[in-house]
Amino acid sequence: MVKKQARVDYEENNVIYILTSPENKNNRVYIVGKAQNLKNRVSTYNKTCEHEVIYFKQCKDEATMNI
């Protein structure tokens, strides 16, 4: 069954993030990534199951994020 997930609003742009799902958390599997808009990026993960952002850090600009 597909369930629409509530979208958390993240104010920060150009972020590095770590996220996981409840099943992956039990297996200690984490997803590391980068995004200009974290809210939109996490919504693509939440189409399969509910993912939770564990940590994120804003970079000063896109060039720094891409390092």
Side-chain angles (χ1 to χ4, degrees):
M1 176 192 306
V2 178
K3 175 183 160 190
K4 188 172 184 176
Q5 304 295 330
R7 295 175 66 178
V8 177
D9 192 19
Y10 298 97
E11 299 289 327
E12 295 82 356
N13 292 322
N14 301 318
V15 296
I16 306 295
Y17 62 86
I18 301 172
L19 60 85
T20 190
S21 66
E23 182 180 321
N24 286 342
K25 189 184 282 188
N26 292 336
N27 297 327
R28 295 184 178 180
V29 175
Y30 301 95
I31 300 168
V32 178
K34 60 184 179 179
Q36 291 177 342
N37 184 323
L38 187 55
K39 179 180 178 179
N40 289 343
R41 183 67 184 122
V42 172
S43 69
T44 61
Y45 286 109
N46 283 346
K47 290 180 181 173
T48 55
C49 67
E50 187 174 351
H51 285 79
E52 169 189 5
V53 176
I54 303 296
Y55 174 82
F56 69 93
K57 178 72 174 170
Q58 182 178 16
C59 300
K60 65 180 181 176
D61 55 26
E62 189 175 352
T64 304
M65 177 184 72
N66 288 325
I67 294 174

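As the structure is a prediction and not an experimental result, all values here were calculated from the model. Heavy-atom basis, side chains included; hydrogens, waters and symmetry copies ignored.
Between Glu62 and Asn14 the shortest heavy-atom distance is N-ND2, 3.7 Å. Closest approach of Met65 and Ala35 over heavy atoms only: SD-O, 3.5 Å. The nearest pair of heavy atoms linking Lys34 to Tyr17 is N-CE2, 3.3 Å.
In the hydrophobic clustering of ILVMFWY residues, with side-chain heavy atoms under 4.5 Å counting as a link, Val32 and Ile54 come out together. Val8 is not connected to Ile18 by any chain of hydrophobic side-chain contacts under 4.5 Å among Ile, Leu, Val, Met, Phe, Trp and Tyr, and they are in different clusters. Taken together through direct or relayed side-chain contacts under 4.5 Å among Ile, Leu, Val, Met, Phe, Trp and Tyr, Ile67 and Ile16 form parts of separate hydrophobic clusters. In the hydrophobic cluster analysis, where Ile, Leu, Val, Met, Phe, Trp and Tyr join through side-chain heavy atoms closer than 4.5 angstrom, Tyr10 is grouped apart from Tyr30.
Between Ser43 and Asn40, the side chains place no donor N or O within less than 3.5 Å of an acceptor N or O (distance only, hydrogens not considered).
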Q: Before giving the answer on side chain to side chain contact (heavy atoms under 4.5 Å, CB included), spell out for Glu11 and Gln58 the whole-Å C-alpha distance, their side-chain angles and the decisive distance to 0.1 Å.
A: CA-CA 10 Å; Glu11 299 289 327; Gln58 182 178 16; over 6 Å; no
Q. Going through the checks in order, is the side chain to side chain contact (heavy atoms under 4.5 Å, CB included) test met by His51 and Ile31?
A. CA-CA 10 Å; His51 285 79; Ile31 300 168; 4.2 Å; yes
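A heavy-atom distance below 4.5 Å is found between the side chains of Val42 and Val53.
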